[in-house]
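Heads up, the thing below is written out as structure tokens.
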Amino acid sequence: MPRKPAAPVNAPAYWLMKTEPDLFSLDTLKAKGVAPWDGVRNFQARNHMREMVVGDVVFIHHSNAEPSGIAGLAIVMRIAYPDHTSWDPKSDYFDAKSTPDKPRWSMVDVAYHATFGRYLALPELREMPELADMILLQRPRLSVQPVGPRHAALLLRLGRPDRPAPASRP
DNA sequence: GCCAACGTTGGC
DNA sequence: GCCAACGTTGGC
């Protein structure tokens with residue numbers, strides 16, 4: 001018997017993260033250059049961030065927008081580390097169950113990469129059969145999610161970013 | 001602003 | 001460890 005293929009070495013290299021543009025938009029990230037993605041308070045979303053590696057491509061989705069949709073791309077610059085806002089009582093993201101000794105939440109650093117030449121509005125994406133099984137369209141509440149390579153390729157083509165996505169991990 | 005989906009909390 | 005109540009997300 002041939003050995004089973006190794007467990008997923010090729011975890012997804014494409015991700016999607018949601019943000020409310022009123023609070024933090026792709027333009028905000030563009031102005032900052034690099035920023036920590038803090039405030040994620042959902043275990044599944046957190047676990048996805050913990051799987052990211054430097055160089056992964058992140059689709060930035062604007063939620064609670066008119067319309068909501070994918071605005072462009074960011075790149076992971078630093079792998080997951082403790083989200084210090086979780087133990088700051090003054091932070092909106094404070095969580096009494098998280099301490100510096102036992103951090104419960106994580107964040108990654110991302111860099112602005114590109115703004116799509118065309119904003120990919122959610123209603124438009126919903127009309128595409130190829131995207132019907134995208135997590136974005138099926139699980140409206142998951143704020144950090146993997147994007148499959150086929151979906152990623154299509155989104156990149158649709159958005160025609162002014163700069164191509166960098167080659168990602170194999 | 002409404003409300004469906006769904007994750008989390010807490011009583012038992 | 002079940003599950004009802006509650007809170008939040010986020011599309012519309």
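First the proteins, then the strands, lettered A, B, ... as listed; each starts at 1. None of these values were measured; they are calculated from a predicted model.
- Residue D92(A) contributes atom CG, which lies 11 Å from atom P of dT9(C) at whole-angstrom precision.
- Annotation: of the two residues near DNA chain B, N64(A) and P140(A), the 5′-most nearest-nucleotide partner is N64(A).
- Among the atoms of the strands shown, only primed sugar atoms or phosphate atoms (P, OP1, OP2) are found under 4.0 Å from some heavy atom of H61(A).
- Distance, E66(A) CD to dC12(C) P: 10 Å, rounded to whole Å.
- Side-chain atoms of Y81(A) do not come within 3.5 Å of backbone N or O of H84(A) as any donor-acceptor pair.
- Regarding I135(A), its CD1 atom lies at a distance of 14 Å from the P atom of dG10(C), rounded to whole Å.
- Proximity of R139(A) to the phosphate of dT9(C): no side-chain N or O atom is located under 4.0 Å from OP1 or OP2.
- Position along DNA chain B of the nearest nucleotide to Q138(A) versus R104(A) favours Q138(A) as the more 5'-ward residue.
- Contact annotation: R126(A) side-chain N/O to dC12(C) OP1/OP2 distance is under 4.0 Å.
- Close to dG10(C), at under 4.0 Å from its OP1 or OP2, lies a side-chain N or O of K18(A).
- Of the candidate nucleotides dG7(C), dT8(B), dG11(C), dT8(B) has the atom lying nearest to any side-chain atom of F43(A).
- Across the protein-nucleic acid pair, W105(A) atom CH2 and dT8(B) atom C1' stand 10 Å apart, rounded to whole Å.
- With ring centers used as reference points, W87(A) lies 6.0 Å or more from Y93(A).
- Here S68(A) reaches the OP1 or OP2 of dG11(C): one of its side-chain N or O atoms lies under 4.0 Å away.
- Of the side-chain N and O atoms in K97(A), none sit less than 4.0 angstrom from OP1 or OP2 of dT8(B).
- Rounded to an integer number of Å, the gap from CE of M134(A) to C1' of dG11(C) is 15 Å.
- Look at CG on L137(A): it is 13 Å from P on dC6(B), rounded to the nearest Å.
- Remark: C1' of dA5(B) and CG of L142(A) are 13 Å apart, rounded to the nearest angstrom.
- Between W37(A) and F24(A), the two ring planes are perpendicular [angle over 60°; tilted spans 30° to 60°].
- For R41(A) and dT8(C), a side-chain-to-base donor-acceptor distance below 3.5 Å is absent, hydrogens and geometry of angles not being considered.
- Minimum interatomic distance between K18(A) and L142(A) (heavy atoms only, all atoms of both residues): CE-O, 3.4 Å.
- One interatomic measurement links the two molecules: CG of L23(A) to P of dT9(C), which rounds to 11 Å at whole-angstrom precision.
- A donor-acceptor contact shorter than 3.5 Å links the side chain of N47(A) to the backbone of F43(A).
- Considering only side-chain atoms of N42(A), the nucleotide from dT8(B), dG11(C), dG7(C) that sits closest is dT8(B).
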